[in-house]
Amino acid sequence: MNEMTELERLRSEVPAPAADALAAQEGRFLAALAAEGDRVPAAPRVPRRARFLLAGLPAAAVLAAVAVLGPVVAGRDARPTAYANAAIDIELRGDEYVATIKDPFADHALYNEAFRAMGLDVALDLRPASPTGVGRVFRLGFAGTTERDRIGGALRPEGCTPGRPGCALTVTVSKGFGGKGTLYLGRPARPGEPYQNNADAGRKGEALEGYVADGRTVAEVLAETRRRGLEVTFQIIEPAPDGNGFSVNPREQSAKVGGHWVVWAAEPQRQGAVRLLVSEKRVPKNPVSGE
């Protein structure tokens, strides 16, 4: 027996009251809902079909009918304050939503499901990153937002080491976020997985930590990478004559790189490997960094 049939059965067992009694009973029901306080700011308008079902029912049947019709929502703009699934936890903390990523390798659909459940139009895309790129935003897109709408990502606590207890990837979204946002965030890379961020391989925590490759010859840099046991790949660039920028020709990537060539940048490529941006000719300033 479905709910509607059960309601009709209950109604048939109670004598139908007069029209003025129906109006009075409906008034008492709406007044009781309004008296519950802030949870129901104003007496809701009951659909015509619902009025027919509620009329003439005893108190217990009225409560059952309300349960069938669904929960009472406190206003059209109300949002949940917490949500969790296997991949992510989200909760409202003060003036922002804080999302803690429990599984950085999960299907992105699980992250997006959680944001939708909170009433937020936010898409989260995690990408493999070198050590200094984990927790950093690769790219960020907004649409239909205002100056008060904020979205970002980070490691919490700040400066913690990914993979250690208590260190988590997080995303923050301002309370009342009304637009659409897309966030690309760095996550730890699996062994052998290519990094998708841009970083300086000489930064602290990266494969060439403490070593400045810019401006050195290929022979000099290769001596250092061999000492550290790193694999090397080359990207051949064509600097502008004055050093203001460069181009990359895919058809020229197979050219033989000589030891006298110039290294303009060293980037993390994957665990245990770096990419060197090189050119045969030296120019007045670094075409990659502009310095």
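Fair warning: this is a prediction, and the values are worked out from it, not measured in the lab.
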Co-membership, hydrophobic cluster, residues V218 and F246, 4.5 Å side-chain: no
Would D95 and S174 count as a side chain to side chain donor-acceptor pair (under 3.5 Å) if you check the C-alpha gap in whole Å, the side-chain angles of each, and the deciding distance to 0.1 Å? CA-CA 6 Å; D95 62 353; S174 58; over 6 Å; no
Rounded to the nearest 0.5 Å, the OH atom of Y83 sits from the CG atom of L120 at a distance of 13.0 Å
Work out which heavy atom in G186 is nearest to a heavy atom in A129; give both atom names and the distance. CA-CB, 3.8 Å
Side-chain H-bond candidate by donor/acceptor type, W264 with S279, under 3.5 Å: yes
How far apart are the C-alpha atoms of E193 and Q196, what are their side-chain angles, what is the distance that settles it, and do they pass the side-chain contact (heavy atoms from CB on, under 4.5 Å) test? CA-CA 9 Å; E193 192 173 25; Q196 295 190 27; 6.0 Å; no
Could you tell me if the side chain of I237 sits less than 4.5 Å from the side chain of V288, heavy atoms only? yes
Pairs of donor and acceptor atoms involving the side chains of residues 161-171, under 3.5 Å and at least two apart or interchain, shall be tabulated with distances.
| residue | atom | partner | partner atom | Å |
| --- | --- | --- | --- | --- |
| T170 | OG1 | A154 | O | 3.0 |

Any non-hydrogen side-chain atom of L222 less than 4.5 Å from a side-chain atom of V232? yes
Do V173 and R150 have side chains that approach each other closer than 4.5 Å (heavy atoms only, starting at C-beta)? no
Using 0.5 Å steps for rounding, measure from the NZ atom of K180 to the CD1 atom of I151. 12.0 Å
Of all residues at least two apart in sequence or in a different chain, which pass the side chain to side chain donor-acceptor pair (under 3.5 Å) check with D107? none
Determine, step by step, whether L110 and I88 satisfy the side-chain contact (heavy atoms from CB on, under 4.5 Å) criterion, reporting the C-alpha distance in whole Å, the side-chain angles of both residues, the deciding distance to 0.1 Å, and the verdict. CA-CA 8 Å; L110 289 175; I88 190 171; 5.8 Å; no
Less than 4.5 Å apart, side chain to side chain, heavy atoms only: is that true for E206 and T132? yes
Distance to the ring centre below 6.0 angstrom and angle to the axis at most 45 degrees; does that hold for R139 and Y184? yes
Looking only at heavy atoms, which two atoms of F115 and A99 are closest? And how far apart? CZ-CB, 3.9 Å
For L155 against C160, the heavy-atom pair lying closest together: CD1-O, 3.7 Å
Shortest non-hydrogen contact from K285 toward D242: CG-O, 3.7 Å
Which pairs, with at least one residue in residues 174-238 and sequence neighbours excluded, count as a disulfide (SG to SG under 2.5 Å)? none
Other than V98, what residues sit in its cluster of Ile, Leu, Val, Met, Phe, Trp and Tyr side chains whose heavy atoms are under 4.5 Å apart, directly or through others? none
Verify, without hydrogens or angle tests, whether H108 (side chain) and L126 (backbone) share a donor-acceptor contact under 3.5 angstrom. yes
Could you tell me if the side chain of Y211 sits less than 4.5 Å from the side chain of R228, heavy atoms only? yes
Spatial distance of atom CH2 (W261) from atom NZ (K256) [nearest 0.5 Å]: 10.5 Å
Salt bridge present between D125 and R127 (N-O < 4.0 angstrom): yes
Rounded to the nearest 0.5 Å, what's the gap from OG on S289 to CG on L277? Could you check? 11.0 Å
Go through the steps for R136 and N197 under the test side-chain contact (heavy atoms from CB on, under 4.5 Å), then give the verdict. CA-CA 9 Å; R136 294 181 179 272; N197 65 313; over 6 Å; no
With a 4.5 Å limit on heavy-atom distance, are the side chains of N112 and V122 in contact? no
Donor-acceptor check, side chain of D214 to backbone of N286, threshold 3.5 angstrom: yes or no? no
Could you tell me the separation between the CD atom of Q235 and the CD atom of Q269, rounded to the nearest 0.5 Å? 10.0 Å
Residues F105 and P188: closest non-hydrogen pair is CE2-O, 3.5 Å
When clusters are formed by joining ILVMFWY residues with side-chain heavy atoms under 4.5 Å apart, either directly or through shared neighbours, do L92 and Y111 land in the same one? yes
Pairwise distance CG(L208) to CG(L230) - rounded to 0.5 angstrom: 5.5 Å
Side chains of E280 and H260, heavy atoms from C-beta outward: is any pair under 4.5 Å? yes
For Y97, all residues meeting ring pair (Phe, Tyr, Trp, His ring centres under 6.0 Å), sequence neighbours excluded: none
Quick one: hydrophobic cluster around V212, which other residues, with the 4.5 Å side-chain cut-off, linked directly or via members? none
For residues A240 and N244, report the shortest heavy-atom separation together with the two atoms involved. CB-O, 3.7 Å
Does the side chain of E267 reach to within under 4.5 Å of the side chain of Y195, using non-hydrogen atoms? no
Should the pair R116-E113 be classified as a salt bridge under the 4.0 Å nitrogen-to-oxygen rule? no
salt_bridge(K175, E96) N-O dist < 4.0 Å: no
NZ/NE/NH1/NH2 to OD/OE distance under 4.0 Å, R270 and E231: yes
Pair E91 + R93: basic N to acidic O under 4.0 Å: yes
Using the side-chain contact (heavy atoms from CB on, under 4.5 Å) rule, take L185 and F138 through it: C-alpha gap first, then chi angles, then the decisive distance, then the call. CA-CA 6 Å; L185 188 67; F138 287 4; over 6 Å; no
Within one Ile-Leu-Val-Met-Phe-Trp-Tyr cluster: V221 and V283, side-chain cutoff 4.5 Å: no
